[in-house]
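Working notes for the structure below.
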Amino acid sequence: MKSEPEEFSIDALERVGTEPWTGVRNYQARNFMLKDMKVGDPILFYHSNCAVPGVVGIAEVASTPYPDPTQFDAASDYHDPKSSREEPRWWMVDVRFVRKFGRTVALEELKARADDFGDFALLRRGNRLSVLPVSAAQYKRILSME
DNA sequence: GCCAACGTTGGC
DNA sequence: GCCAACGTTGGC
């Protein structure tokens, strides 16, 4: 899961412990949370749009999916007037801090070893998804690079 | 249903 | 700050 550190960093997650992952407004990203995530699943926490983009730590799925409350809030930047409580459009999970890496496993390093990762959504050209799948093998490989 | 225009993401 | 890539919107 990607986050801009200036908005919400791994350190911020450590401070709060658990964070509702509000604001995802992309159907593919939503579907990963709605359909593929199970409580306790590990999450790679990725810092984007910063000096050294990369994986900075581990979190875990801390809830089953539920409707993102910000979609119903007219005052929120994430308000969606086309959504309703009867048929919510946007779903999310809570994310719990597990641990911060000793260092950032930079995107640059992942790219340099792209052959080791096979088909990896993060490394696909033009990838812009904020929530994307990681295989067990890819996950282990990134942990080994920490 | 096509597709140009537009807005956003995110690396660099 | 630039700009490529991509998703969404809306006119037709």
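Order of the sequence lines fixes the chain letters, A, B, ..., with proteins taken first and strands second; residue numbering starts at 1 for each chain. When reading the values below, keep in mind they use all heavy atoms of this one structure, side chains included, and skip hydrogens, waters and symmetry mates.
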With under 30° as parallel and over 60° as perpendicular, where do the rings of A/F8 and A/W21 fit, or are they tilted in between?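 Correct class here is perpendicular.
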Should we count CD of A/E108 as having more than 12 external heavy atoms under 6.0 Å? no
Taking atom CZ of A/F72 as the centre, does the number of heavy atoms from other residues, nucleotides or ligands within less than 6.0 Å exceed 12?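 Counting neighbours around CZ of A/F72, more than 12 heavy atoms of other residues, nucleotides or ligands fall under 6.0 Å, so yes.
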With side chains defined as the heavy atoms from C-beta onward, is the minimum distance between A/R30 and A/W90 less than 4.5 Å? yes
Quick check: on DNA chain C, is the nucleotide nearest A/N127 upstream (toward 5') of the one nearest A/N49, or the reverse? Name the residue that is more 5'. A/N49
Rounding to 0.5 Å, atoms CG (A/D73) and OG1 (A/T22) come to a distance of 10.5 Å
Got a second to check how far A/L122's CG is from A/K2's NZ, nearest 0.5 Å? 6.0 Å
Short N-O contact, A/R141 and A/E146, less than 4.0 angstrom: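 Salt bridge flag = no for A/E146 with A/R141.
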Looking at DNA chain B, which of residues 24-34 of chain A put a heavy atom within less than 4.0 Å of it?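 Contacting residues: none.
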Below 4.0 angstrom, which residues in residues 104-117 of chain A have at least one non-hydrogen atom near DNA chain B?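 Contacting residues: A/L107, A/K111.
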Connected via hydrophobic side-chain network under 4.5 Å: [X] and [Y]:
X     : Y      : answer
A/V56 : A/L143 : yes
A/Y27 : A/M37  : no
A/V52 : A/V55  : no

Walk along DNA chain B from 5' to 3' and tell me the first and last nucleotide with an atom closer than 4.0 Å to a non-hydrogen atom of chain A.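 Answer, 5' to 3': B/dG7 to B/dC12.
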